[in-house]
Amino acid sequence: MNHRIRRSAELALFAAALLCGRIVGQEKTPDWSTVQIKVTKVSGNIYMLEGQGGNIAASVGEDGIVIVDDEFAPLAEKIQAALKNLGITDKPVRFVINTHYHGDHSGGNAPFANSGSTVIAQDNVRKRLTTGGTAGNGGSMKMENKPAEKAALPIITFEHDVTVHLNGEDIRALHFPSGHTDGDAIIFFPKNNVVHMGDDFVRYGFPFIDVASGGSVQGMIDGVEKAAAQLPADVKVVPGHGVLSNLDDVRDYVKMLKETTAVVQKALDAHKSLDQMKQEKILAPWAKWSNDFVSQDIFIETIYNSLTHHPGPFVKHN
Ligand SMILES: [Zn+2]
């Protein structure tokens, strides 16, 4: 790889990781050769795969393989090998469903498509991958995304929901508008009692909400609550990032989102400025949720922008 290409690959990678998760070892390009794909059996024929980037859920069975999200392009072969090593099927990954457009969840689209998988995503995922544009919290957190290559674009898109009937299961992707982005889908595996929540639900603390890509804290709360209301009490929850979770974890997270949003709304009602809110450390009671990616100040700003911003160009409410 020549120096210029390598440099731009590093920058793209760092930005993607900055947006959606934390890089192991801090601010370094991961050495892809050392990334290992950890596979955990979740329930029945559903597995969770963790490498670098967002979590993957996989339905592996007699009809072949469906995966939800695909991390980064350089990991595609390792992901395929890890799925094959389960020894359940020699059939390929037939479908990839993206939970949203961010590069640490959709970065593997092109290699998967090139090896025969069909990529499925919500309409706005294809739009944002096509155009590129600015991602961020609508304030100090900002990052430019270049348009994706053609092979990375989802071939099948949906506005509200789509169902993939494979391995004896009706795998359902349902769009929740204006949450982490404007193109999020939550994926249900009803027979196996598993759900993949994408980055609408993460375990690293205060979440990154991509207000610049049509996300909002209100939409995130609404989407996660609506999804949770449809789920059995003992459902296994694959978060966008972090450990396998349950509904109590989801409820704790929603409670934090609601409480922190109410505090910022109250400060807005009292005509406080963003700087005042930061100086007064109004989210101090929720300090344990602070992390080196989304600090208290960044999260105040995120909620502030969610509550005061105009929606982006692709926002759809249904
Ligand atoms: Zn994301």
Side-chain angles (χ1 to χ4, degrees), residues 12-24 30 48-57 67-73 75 96-109 119 121-129 131-139 141-146 148 152 154 173 175-187 195-217 219-221 223-224 227 237-242 245 250 253 257 289 291-294 298-299 302 305-306 312 314-315:
L13 172 72
F14 173 67
L18 181 77
L19 278 170
C20 281
R22 285 177 294 170
I23 295 178
V24 177
M48 174 167 143
L49 280 68
E50 299 164 87
Q52 187 79 49
N55 289 326
I56 295 172
I67 60 172
V68 176
D69 286 347
D70 54 23
E71 300 195 337
F72 294 101
L75 300 175
V96 174
I97 306 172
N98 293 148
T99 59
H100 63 293
Y101 86 96
H102 288 152
D104 55 338
H105 297 258
S106 69
N109 281 5
V119 180
Q122 206 275 336
D123 295 338
N124 293 338
V125 173
R126 185 177 162 100
K127 287 179 189 170
R128 292 199 179 278
L129 285 173
T131 60
T134 307
N137 74 342
M141 200 187 240
K142 237 179 223 170
M143 140 73 200
E144 292 302 318
N145 288 314
K146 290 207 176 82
H175 175 50
F176 290 91
S178 195
H180 173 63
T181 66
D182 61 5
D184 304 283
I186 291 180
I187 321 300
V195 64
H196 189 316
M197 293 202 134
D199 281 359
D200 272 336
F201 173 62
V202 296
R203 295 301 305 274
Y204 57 76
F206 290 139
F208 166 55
I209 299 175
D210 191 348
V211 179
S213 301
S216 73
V217 70
M220 184 180 266
I221 292 168
V224 176
V237 180
V238 177
H241 296 267
S245 303
V250 173
Y253 173 83
L257 292 178
W289 295 83
N291 55 83
D292 51 14
F293 177 40
V294 182
I298 290 285
F299 200 53
T302 301
N305 289 335
S306 290
F314 302 137
V315 171

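Order of appearance sets the numbers: ligands from 1, and atoms from 1 within every ligand. Because only heavy atoms are used, hydrogens play no part in the values below, and waters and symmetry mates are left out as well, while side chains stay in.
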If the Zn ion (ligand 1) is the vertex, what is the angle to ND1 of His102 and NE2 of His180, rounded to 10 degrees?
90°
Would you name the N/O/S atom of His100 that lies closest to the Zn ion (ligand 1)?
NE2
Which single N/O/S atom of Asp199 lies at minimum distance from the Zn ion (ligand 1)?
OD2
Basic-acidic side-chain contact under 4.0 Å: Lys127, Asp182
no
Are Pro207 and Leu257 side-chain neighbours, meaning at least one heavy-atom pair lies under 4.5 Å?
yes
Could you check whether His196 and Asn55, counting side-chain N and O atoms only, form a donor-acceptor pair closer than 3.5 Å?
no
Exercise: do Ser106 and Asn109 side chains pair donor with acceptor under 3.5 Å
no
